[in-house]
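Presented below is the structure to which this report refers.
This structure is a prediction, so every number in the text was calculated from the model and none was measured. Each chain gets a letter, A, B and so on, in the order its sequence line appears, and its residues count up from 1.
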Amino acid sequence: MKLFDELRARGLVQDIMPGTEELFEKEKVSFYWGVDPTADSMHVGNLGALMLLVFMQRHGHQPIPLIGGATGMIGDPSGKSAERNLLDEETLKHNMEGVLVQFRKLLDFDHPDCPARLENNYDWFKDMGALEFLRNVGKHLTINYMMAKDSVKNRIETGMSFTEFSYQLIQGYDFYHLYKHHGVKVQVGGSDQWGNITAGTELIRRMDGGEAFAFTCPLVTKADGSKFGKSESGNVWLDPAQTSPYRFYQFWLNSSDEDSENFIKRFTTLALDEIDQLIESHRQEPHLRQLQQTLAREVTVMVHGEEAWQQAVNASSILFKGSREDLMKLDRQALLEVLEGVPTHTLKRESTVDPLEVVSFLATETGILPSKSEATRSVKQNSISINNEKVGLDFKISSNDLLNNEFILVQKGKKNKYLVIVES
RNA sequence: GGAGGGAUUCCCGAGCGGUCAAAGGGGGCAGACUGUAAAUCUGCUGCUUCGGCUUCGGAGGUUCGAAUCCUCCUCCCUCCA
């Protein structure tokens with residue numbers, strides 16, 4: 001299957017520059033994708049574009065992931081409605097390290113033919129002076145051209161600093177630099193990057209008379225219109241320390257039917273005909289949730305590994321289907337594994353002098369809920385379970401409720417789990 | 001610098017001096033139905049020892065009583081220079 005047939009089938013092509021497709025058919029291509037180190041981990045939103053590199057490398061092309069050590073210092077205005085704060089150097093450095101780890105997991109840096117190669121645009125910007133930049137780069141694009149970009153137009157009303165305005169020039173120069181010195185002919189990215197990317201091809205044309213190519217993938221969207229990549233607890237990160245594999249797994253498992261059909265094409269490397277079969281059988285028996293489970297498995301294994309996935313599955317099954325007795329049966333080790341990644345709260349042992357009112361337990365003693373009013377409401381609404389059993393307002397926590405004499409599992413609603421650790 | 005307009009609970013937004021913890025919408029949460037889906041319906045959405053208490057940009061003031069009136073301050077927007 002041709003590269004672009006596959007990418008299209010997976011819903012990964014939005015804008016494409018004429019000639020790009022032909023280039024990929026003709027030769028092995030080095031192409032780059034840049035991400036700014038705005039956090040010390042990428043999130044599933046970044047993964048949406050990163051998958052492009054994964055698929056393209058599998059087709060024998062060389063991915064050049066670029067970390068924006070320089071661009072991260074400027075701030076990309078694309079898709080942003082307001083000026084952002086600048087990150088300090090130390091933070092950027094720390095962030096870059098985190099992002100690099102994730103590149104290594106997803107891309108093959110030791111491939112015999114087309115190994116991924118990391119670049120950092122700080123390398124070529126750190127020694128460039130302002131005058132040099134203005135004379136050699138800025139001279140080639142007009143203000144008129146730059147102002148026509150959506151990222152700029154959208155900010156005319158609210159205002160935008162010169163710093164952010166110049167972002168497209170910086171990113172454009174990256175492309176030029178990689179083109180000139182490393183033979184990189186193509187840039188890819190999310191569709192919000194189109195403006196910045198074309199600034200690059202334009203620069204290459206004007207500075208060098210060269211021809212470069214590009215295409216973008218659509219930003220990941222959800223059928224119900226809500227933002228992709230957010231869970232109750234915020235962004236879904238690739239870093240297991242920030243989003244535990246259990247939560248990561250649950251994030252995918254909870255995809256709606258409609259979304260999971262798209263996600264499985266975009267985020268897994270399963271063959272397309274296999275995916276079609278899965279979708280078909282899922283439509284026949286949607287309640288089995290095969291599609292969600294496969295999606296969750298594939299992505300979790302890819303990002304966190306087989307073992308972490310297995311643990312997430314075990315934990316899920318006990319947390320969602322286990323009874324109070326099942327929980328009581330687990331030993332300390334098993335409990336810790338199952339409850340790995342569930343947010344924890346602590347309770348002083350003195351205060352458990354049983355019995356302890358549920359409401360005080362939830363609010364004052366553990367802080368799972370912010371106030372007694374809210375705790376009372378939740379219990380009244382029949383949404384609180386202790387150790388997988390629903391409780392009423394008259395319920396009192398006692399030492400009989402301790403799992404392995406030190407834990408209490410609290411659940412609010414269907415999906416929110418909290419682990420209470422009783423400390424002596 | 002001059003002239004206006006504005007700031008309300010997570011967000012938007014309404015709010016005759018008393019009946020305002022504050023309409024309505026959004027969002028969020030929960031319950032029912034299900035499949036840990038979507039849609040739908042319902043409830044909740046400041047704190048509380050359930051007596052009350054603290055909220056309407058900030059500080060004062062008028063009044064029996066203020067989100068609502070007055071003064072000063074801060075910030076934001078529009079127009080003029």
Side-chain angles (χ1 to χ4, degrees), chain A residues 81-83 155-160 221-236 243-264 267 278-297 299-300 309 311-323 326-327 338-339 341-343 351 356-365 367-386 388-395 409-418:
Chain A
S81 56
E83 188 84 10
R155 291 275 292 280
I156 293 292
E157 291 289 319
T158 51
M160 169 185 230
T221 53
K222 294 211 295 182
D224 64 3
S226 61
K227 201 167 159 45
F228 169 77
K230 298 274 184 190
S231 73
E232 317 77 50
S233 40
N235 266 331
V236 177
T243 300
S244 70
Y246 165 74
R247 289 197 158 275
F248 189 82
Y249 173 80
Q250 284 285 328
F251 168 77
W252 297 101
L253 190 66
N254 279 309
S255 308
S256 71
D257 290 355
E258 203 175 345
D259 288 337
S260 51
E261 292 189 10
N262 299 325
F263 293 172
I264 201 162
F267 292 98
L278 262 170
I279 291 178
E280 190 47 43
S281 79
H282 178 255
R283 283 181 182 164
Q284 301 295 322
E285 302 180 290
H287 56 282
L288 296 181
R289 305 168 54 77
Q290 273 181 43
L291 203 48
Q292 282 90 340
Q293 283 172 15
T294 312
L295 171 67
R297 182 190 71 217
V299 186
T300 308
W309 164 72
Q311 265 188 27
V313 173
N314 288 345
S316 300
S317 111
I318 291 179
L319 290 174
F320 281 92
K321 301 193 189 87
S323 64
D326 291 336
L327 287 170
V338 164
L339 300 168
V342 173
S351 56
L356 175 64
E357 302 267 351
V358 236
V359 170
S360 315
F361 169 74
L362 290 171
T364 353
E365 301 300 332
I368 290 173
L369 295 174
S371 70
K372 284 191 166 188
S373 304
E374 180 144 356
T376 309
R377 263 198 301 275
S378 299
V379 176
K380 268 190 189 158
Q381 287 182 139
N382 197 27
S383 75
I384 301 294
S385 300
I386 305 283
N388 286 1
E389 278 185 349
K390 293 272 185 192
V391 298
L393 266 183
D394 52 347
F395 185 84
L409 177 63
V410 179
Q411 178 175 349
K412 168 172 160 281
K414 283 195 182 65
K415 296 177 200 168
N416 306 301
K417 312 282 186 179
Y418 309 89

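Taken from OG1 in Thr243(A) to CG in Asn235(A), the straight-line distance is 7.5 Å, to the nearest 0.5 Å. Residue Lys415(A) holds its NZ atom at 4.0 Å from CG of Asn254(A), rounded to the nearest 0.5 Å.
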Check: protein-nucleotides 46-48 of chain B nitrogen or oxygen pairs below 3.5 Å:
unit_1 : atom_1 : unit_2    : atom_2 : d
C47(B) : OP1    : Ser371(A) : OG     : 2.9
U48(B) : OP1    : Lys372(A) : N      : 2.8
U48(B) : OP2    : Lys372(A) : N      : 3.4
U48(B) : OP2    : Ser373(A) : N      : 2.5
U48(B) : OP2    : Ser373(A) : OG     : 2.0

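Without hydrogens or angle criteria, Ser378(A) side chain to Ser383(A) main chain gives no donor-acceptor distance under 3.5 Å. For Asp259(A) (side chain) and Lys222(A) (main-chain N/O), no donor-acceptor pair under 3.5 Å exists by modelled atom type. Side-chain N or O atoms of Ser260(A) include one that pairs as donor or acceptor with a backbone N or O of Asp257(A) at under 3.5 Å.
Spacing of P atoms, C10(B) relative to U45(B), comes out at 14 Å, to the nearest Å. Spacing between U34(B) and G27(B) at atom C1', rounded to whole Å, works out to 24 Å. Going from the P atom of A23(B) to that of U74(B) covers 33 Å, rounded to whole Å. Of the P atoms belonging to U40(B) and C20(B), the separation is 32 Å, rounded to the nearest Å. Of the C1' atoms belonging to U63(B) and C69(B), the separation is 10 Å, rounded to the nearest Å. Taking atom C1' in both G61(B) and A66(B), the straight-line distance is 12 Å, to the nearest Å. G28(B) and C72(B) have their C1' atoms separated by 39 Å, given to the nearest Å. Comparing C70(B) with C79(B), their C1' atoms sit 28 Å apart, to the nearest whole Å.
Other residues, nucleotides and ligands contribute at most 12 non-hydrogen atoms within 6.0 Å of the NZ atom of Lys380(A). Environment of CD in Glu258(A): sparse, with no more than 12 heavy atoms of neighbouring residues, nucleotides or ligands closer than 6.0 Å.
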Pair Phe361(A)-Ile386(A), side-chain contact (heavy atoms from CB on, under 4.5 Å): steps then yes or no: CA-CA 11 Å; Phe361(A) 169 74; Ile386(A) 305 283; 3.9 Å; yes
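Note on ring orientation: taking the six-membered ring where Trp is involved, the planes of Phe228(A) and Phe267(A) are parallel (angle under 30°, cut-offs 30° and 60°).
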Could you give the side-chain donor-acceptor pairs of residues 281-289 of chain A under 3.5 Å, partners two or more places apart or in another chain?
unit_1    : atom_1 : unit_2    : atom_2 : d
Ser281(A) : OG     : Leu278(A) : O      : 3.3
Ser281(A) : OG     : Gln290(A) : OE1    : 3.2
His282(A) : NE2    : Gln292(A) : OE1    : 3.4
Arg283(A) : NE     : Glu261(A) : OE2    : 3.1
Arg283(A) : NH2    : Glu261(A) : OE1    : 2.8
Arg283(A) : NH2    : Glu261(A) : OE2    : 3.3
Gln284(A) : NE2    : Glu280(A) : OE2    : 3.1
Arg289(A) : NH2    : Leu253(A) : O      : 2.8

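In this structure, the side chain to side chain donor-acceptor pair (under 3.5 Å) partners of Gln411(A), at least two apart in sequence or on a different chain, are Lys417(A). Asn314(A) meets the side chain to side chain donor-acceptor pair (under 3.5 Å) test with no other residue; sequence neighbours excluded.
No contact: Lys417(A) has no heavy atom under 4.0 Å from any strand. Residue contacts shown for Lys380(A) are absent, as no nucleic acid heavy atom lies under 4.0 Å away.
In this entry the base of G51(B) is syn relative to its sugar, with a glycosidic angle within 90° of 0.
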What does nucleotides 35-43 of chain B look like as a protein-contact string, B for base, S for sugar-phosphate only, - for none, at under 4.0 angstrom between heavy atoms? BBBS----B
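Taking a pair as Watson-Crick or G-U wobble with both distances under 3.5 Å, the runs of three or more consecutive pairs in RNA chain B are B:1-7 with B:74-80, B:10-12 with B:24-26, B:27-32 with B:40-45, B:57-61 with B:69-73.
For Asn416(A) and A30(B), the shortest distance from a side-chain N or O to OP1 or OP2 is below 4.0 Å.
Note: CD1 (Ile384(A)) to C1' (G31(B)) measures 13 Å, nearest angstrom.
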